[in-house]
Amino acid sequence: MGINDSDSASNRNPWAPVQFHANSQIPRAQRAAEPHSTGILLTQLNKLADWGRSGSLWPATFGLACCAIEMMSAASSRFDISRFGAEVFRASPRQADLMIVAGRVSVKMAPVVRQIYDQMPEPKWVLSMGACASSGGVFNNYAIVQGVDKVIPVDIFVPGCPPTPEMLLYGIEQLQEKIKKGIPNPPDPMAERLHK
Amino acid sequence: MASDIIKGLGTTLREFGRKPVTVSYPEQQRSLSPRFRGRHALHRYENGLERCVGCFLCAAACPADAIYIEPAENTPEQQVSAGERYSRIFDINLLRCIFCGYCENACPTGAITLTNQFELAAQWPEDMVYHKEQMLDAAGVADRGNAAEWYPQPPEETPQSIPERQGFFDGSGASAAAVGQGDLEARKEILLGSEFESKG
């Protein structure tokens, strides 16, 4: 994970703060470029493919904490996530398109989340559900990753503790809009460490 | 064997005419509880001054440390709030926020309440940091948000005082009275009570 292979591992200050900004402030991220154009024919084909992809987002079966209860509730008949073509929670990441990170990601769980993300085939999207997955929430401590976007690129952030099923459905709707517009995934936060 | 099939078909027939329980969310919405806690709103007095006096009590009460405030002094030329200070910057990181409502409990002036707007999602985390401009009511709107849902209003025949919120003194009149601002005029007779009339 690039933690131990640093050349200055012995010189690192173990008490250095994990975060240099206030919790209420988030440093400005590097925004991705606009959707790229690949000519008239391919653009139209991409539009068709994106339309199809947005209508069948199969999530990976993956619940980390209490947000997963609301995620299951969204899949139940009252809210019925299958109206958006996302009802097939796949047990294998190789059959999934969407990763709903529902719950707090501990430092011990982060490599597992990353591995599941890596096992998902392209194109893939990540929805960060709830305060803990999005930013660490109330758990501002050494054990919880302060935002899963430090481990995997996150497409949509949904706030709430936990978000109601409607909030999750709204997030999925926004993700569908994003896919239909052809907006690419955000840059991979681990790219430099993994492909050094 | 045959009876099992008939039993199963009977279940199908019984459920056939039933109305589906699904709430098709984007088109139709589940009715929310009046105390539903969605994103925050900042309120104003009737005379247009902001209720927030930059006292940091909401930021102190916030268990997630999601509120960031930079106060500034009111000047006679630029009177923004009904107190000595106002919040020049008021940011809430909605990704940190757990929508517990402690901030509206802590607020002495009733400036911040949680609305029932829950449709929140963003592609970039910094888009979910809501600034004062996004949360403040428009000028001329004197709304108390869902405060009435949380704190039942006193009956009309109440002889004295305005335990507007929880039975103890609501600071909204006090901070406004400190600088002779706020909606003091509207409630002068309640604040000063019958003492004045008896003396006069």
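For clarity, every value in this text was computed on a predicted model and none was experimentally measured. The sequence lines fix the lettering, A, B, ..., with proteins before strands; numbering per chain opens at 1.
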Legend entry - CA sep, side-chain torsions, deciding dist, call: B:Q78, B:Y86, side-chain contact (heavy atoms from CB on, under 4.5 Å): CA-CA 11 Å; B:Q78 196 200 8; B:Y86 68 99; 3.9 Å; yes
So what's closer than 4.5 Å to chain B heavy atoms on [X]: side chain, backbone, both or neither?
{"X": "A:T164", "value": "side chain"}
{"X": "A:E166", "value": "both"}
{"X": "A:R83", "value": "side chain"}

Legend entry - B:Y25 versus chain A, the contacting section by heavy-atom distance below 4.5 Å: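 The answer is both parts of B:Y25.
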Inset, instruction - Check whether B:Y130 gets within reach of chain A through its side chain, its backbone, both or neither, counting any heavy atom under 4.5 Å. - result: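 Neither the backbone nor the side chain of B:Y130 comes within 4.5 Å of chain A.
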Inset, instruction - Taking only Lys NZ, Arg NE, NH1 and NH2, and the carboxylate oxygens of Asp or Glu, determine whether B:R85 and B:E73 approach each other closer than 4.0 Å. - result: no
Inset, instruction - Output yes when a side-chain donor or acceptor of A:N46 lies under 3.5 Å from a complementary backbone atom of A:A49, and no otherwise. - result: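 Here the side-chain-to-backbone pair does not exist.
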Inset, instruction - Using a cut-off of under 4.5 Å on heavy-atom pairs, state which of B:Q123, B:Q29, B:R39 scores highest against chain A. - result: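 When all of B:Q123, B:Q29, B:R39 are compared, B:Q123 has the most.
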Legend entry - Best-contacting candidate, B:P63, B:P26, B:P20, against chain A by heavy atom pairs under 4.5 angstrom: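 With the most close heavy-atom pairs to chain A, the winner is B:P26.
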Legend entry - More than 12 heavy atoms from other groups under 6.0 Å of NZ on A:K180: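 It does: A:K180 NZ has more than 12 such atoms within range.
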Inset, instruction - Applying side-chain contact (heavy atoms from CB on, under 4.5 Å), run through A:W125 and A:L57 and close with a yes or a no. - result: CA-CA 9 Å; A:W125 296 275; A:L57 285 168; 3.6 Å; yes
Legend entry - Distance-only donor-acceptor check, side chains B:D143 and B:H43, under 3.5 Å: no
Legend entry - Partner chain B: residue of A:V158, A:I156, A:L169 with the largest heavy-atom pair count (under 4.5 Å):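 Highest number of pairs under 4.5 Å: A:I156.
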